[in-house]
There are 2 protein chains.
Amino acid sequence: MDDATEPARASELPGGRALPKTDKSEQTRALILETAMRLFKERGYDKTTMRAIAAEAGVSVGNAYYYFASKEFLIQGFYDQMTHAHAADARSRMAGKKDFAERLGIALDSWVDCAAEYHGFASQFFRTAADPTSSLSPFSNESHPARATAVELFHEVLNGSDLAPKLDAELADLLPELLWLHLMVVVLYWVFDRTPDTERTREFVTRSTPMAARVINLSRYRVFRPIVRDAKSLIQDFILPTIGRTAKP
Amino acid sequence: MDDATEPARASELPGGRALPKTDKSEQTRALILETAMRLFKERGYDKTTMRAIAAEAGVSVGNAYYYFASKEFLIQGFYDQMTHAHAADARSRMAGKKDFAERLGIALDSWVDCAAEYHGFASQFFRTAADPTSSLSPFSNESHPARATAVELFHEVLNGSDLAPKLDAELADLLPELLWLHLMVVVLYWVFDRTPDTERTREFVTRSTPMAARVINLSRYRVFRPIVRDAKSLIQDFILPTIGRTAKP
DNA sequence: CCAATATTTCGAACGTGTTCAAAACCCCCT
DNA sequence: AGGGGGTTTTGAACACGTTCGAAATATTGG
């Protein structure tokens, strides 16, 4: 559950510096991160200054920068936290369900629920994540652990369903990443969603999920064979490499 | 051709201020924009300071802010410019061609060509565009003119092809916006593309275009009817409203 | 227990985007 | 010509993210 925090944290540290040694160090780091997250939620990302975070946490500005290379890296904390919270929540809610569409819907709904409290500064987060040169981009190497966690969840969404055995192996292999892309689309929708309680995003999930399920279902039939084959190779050659899966050997 | 610059510029001005009155004003504004674009290309967005832009243009910092509400708004200039250059280039290259896939490929290739010289600071641009609260977002109201120009181009891509008469009216009505979304995907791919001369993006266009064409083609057949109907209503209810097309009455 | 070394903390200083009140300029009216 | 309105221009000042050398503190080795 927490096994991914260690490597994730390493990437937040400036340069190639060694990991913290003491307990106190660990405490300080956690204190700064928690304070930052609290202030972000209270005032939003922009309105929260590094000076305010430091002051509120009772440390100096320089100290905050000792643990986090930049203000943006504080967001990585939120990112990791959410990824794990989402995976756990989705798993418990899916337990026992067999219908693929239902499982997928649960996984996506769960994300919207877990992310709800952060919607206020989601735009700032997204802005950072959208920078390809930033290690916070969902496509970056640094995000690989979090992305892997999420993809693994969708692997379970599929494999826990009664649809999995009916699919051909090659497609089943591609699907987890595709479903993760579906989540990315939902995230995009969510970020731009201005309706109260992101009601519209929830409807979007409700509507798009059965459709995704149907497309996957239909892909088994003969008529769709050629188009599915094309889609598969397009994804394999152009999408997967971009999101950190090596091309097949 | 230039008819969209007037309203576009209005949105760059701070507050609800009136449009510039004199010729000199117009010249100053153009000078600042050109200088900024040149420096962006030379040194990149981050390395170009507002002070440097002002100095190079021979004006004061405050003066630059009189014409552009923020550094980011200088990018709007690039955006508008590119949109029009792309539309013109694509139109001339499509002239005479009738095959839909070919026309679509030309339109997308043309974009990659027009954008090539800006790839260096594309990430900065994209970062800004990704902020939903920013007026520079491709989904924002302020970007509506540029988006409309682009959508109109794809309208022509379709209607100039021999495929158009074969499609049902409702689908044909939706397609321009969908093709624009295809462009947005290409843009996303391009922004993250690190291969020399964005070679990979060009391949992606070459591969994805015929597939899009085939999907559209197949949509006419009976078996696909239900899924197409679902997709249409999903797009109509959830995608178009988000990108500024009012829902059907 | 002391010295030496490593880790952590500090806060003043720097560079940058942005603001704003005042000055300069321009044009029209009497 | 002079003055009064709007428009344009100025540059000093501000706030914030970030850096960095030095101080404080902890850890280790003899």
Side-chain angles (χ1 to χ4, degrees), chain A residues 9-10 12-33 35-36 39-40 43-76 121 124 127-128 131 134-136, chain B residues 9-10 12-33 35-36 39-40 43-76 121 124 127-128 131 134-136:
Chain A
R9 191 189 53 220
E12 296 166 29
L13 295 169
R17 211 165 56 70
L19 287 175
K21 300 286 159 56
T22 75
D23 246 15
K24 179 134 172 297
S25 166
E26 189 59 20
Q27 268 178 293
T28 308
R29 186 186 169 278
L31 174 65
I32 293 170
L33 183 57
T35 308
L39 294 186
F40 287 165
R43 327 176 178 175
Y45 182 80
D46 273 337
K47 296 252 187 73
T48 305
T49 69
M50 289 300 282
R51 285 166 178 82
I53 294 169
E56 193 82 4
V59 301
S60 70
V61 185
N63 201 7
Y65 277 93
Y66 179 74
Y67 289 102
F68 298 92
S70 76
K71 191 181 177 185
E72 293 187 349
F73 272 90
L74 283 164
I75 299 182
Q76 184 78 263
F121 67 96
Q124 284 302 331
R127 164 180 211 134
T128 296
D131 184 350
S134 158
S135 61
L136 273 72
Chain B
R9 192 188 52 220
E12 296 165 30
L13 296 168
R17 211 166 57 70
L19 287 175
K21 299 286 159 57
T22 73
D23 246 16
K24 179 131 173 299
S25 165
E26 188 59 20
Q27 268 178 293
T28 308
R29 186 184 168 280
L31 174 66
I32 293 170
L33 183 58
T35 308
L39 294 186
F40 287 165
R43 327 177 178 174
Y45 182 82
D46 273 337
K47 295 252 187 73
T48 306
T49 70
M50 288 300 280
R51 284 166 180 81
I53 295 169
E56 193 82 4
V59 301
S60 71
V61 187
N63 201 8
Y65 277 93
Y66 179 72
Y67 288 101
F68 299 92
S70 77
K71 190 181 177 185
E72 293 186 348
F73 273 91
L74 284 164
I75 299 182
Q76 184 78 263
F121 66 96
Q124 285 302 331
R127 165 180 209 133
T128 296
D131 184 350
S134 158
S135 61
L136 273 71

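Nearer to the 5' terminus of DNA chain D, by closest-nucleotide assignment, is the contact made by B:S60 (compared with the other of A:Y45 and B:S60). When each of B:D46 and B:K24 is assigned the nucleotide of DNA chain C with its nearest heavy atom, B:D46 is the one assigned upstream, toward the 5' end.
At D:dT8, one or more side-chain N or O atoms of B:Y66 fall inside 4.0 Å of OP1 or OP2 (strictly under the cut-off). Phosphate contact (OP1/OP2 of D:dT8, side-chain N/O of B:T28, threshold under 4.0 Å): absent. For A:S25 and C:dT8, the shortest distance from a side-chain N or O to OP1 or OP2 is below 4.0 Å.
Looking only at side-chain heavy atoms (C-beta outward), B:Y66 and B:R29 stay at 4.5 Å or farther from each other.
Evaluation of the salt bridge (Lys or Arg N to Asp or Glu O under 4.0 Å) test over residues 58-73 of chain B, restricted to residues two or more places apart or in two chains, returns A:R127-B:E72. Listed by first then second residue, pairs satisfying salt bridge (Lys or Arg N to Asp or Glu O under 4.0 Å) with a partner in residues 59-69 of chain B number zero, not counting sequence neighbours.
For A:T49, the side chain to side chain contact (heavy atoms under 4.5 Å, CB included) partners at least two apart in sequence or on another chain are A:R51, A:A52. Partners of B:K47 under the side chain to side chain contact (heavy atoms under 4.5 Å, CB included) rule, at least two apart in sequence or in another chain, are B:R43. For B:Q27, the side-chain hydrogen bond (donor to acceptor under 3.5 Å, both in side chains) criterion is met by no residue, not counting sequence neighbours.
Rounded to whole Å, atom C1' of C:dT7 lies 16 Å from atom CZ of A:R29. Rounding to whole angstrom units, CZ of residue A:R43 and C1' of D:dC16 are separated by 14 Å. Between the CG atom of B:L31 and the P atom of D:dT9 there is a distance of 10 Å, rounded to whole Å. At whole-Å resolution of the value, NZ in B:K47 and P in D:dT18 are 16 Å apart.
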Dump the pairs, protein N or O against N or O of nucleotides 18-22 of chain C, anything under 3.5 Å, distances to one decimal.
| residue | atom | partner | partner atom | Å |
| --- | --- | --- | --- | --- |
| C:dT18 | OP2 | B:Y65 | OH | 2.8 |
| C:dT18 | OP2 | B:K71 | N | 2.8 |
| C:dT18 | O5' | B:Y65 | OH | 3.3 |

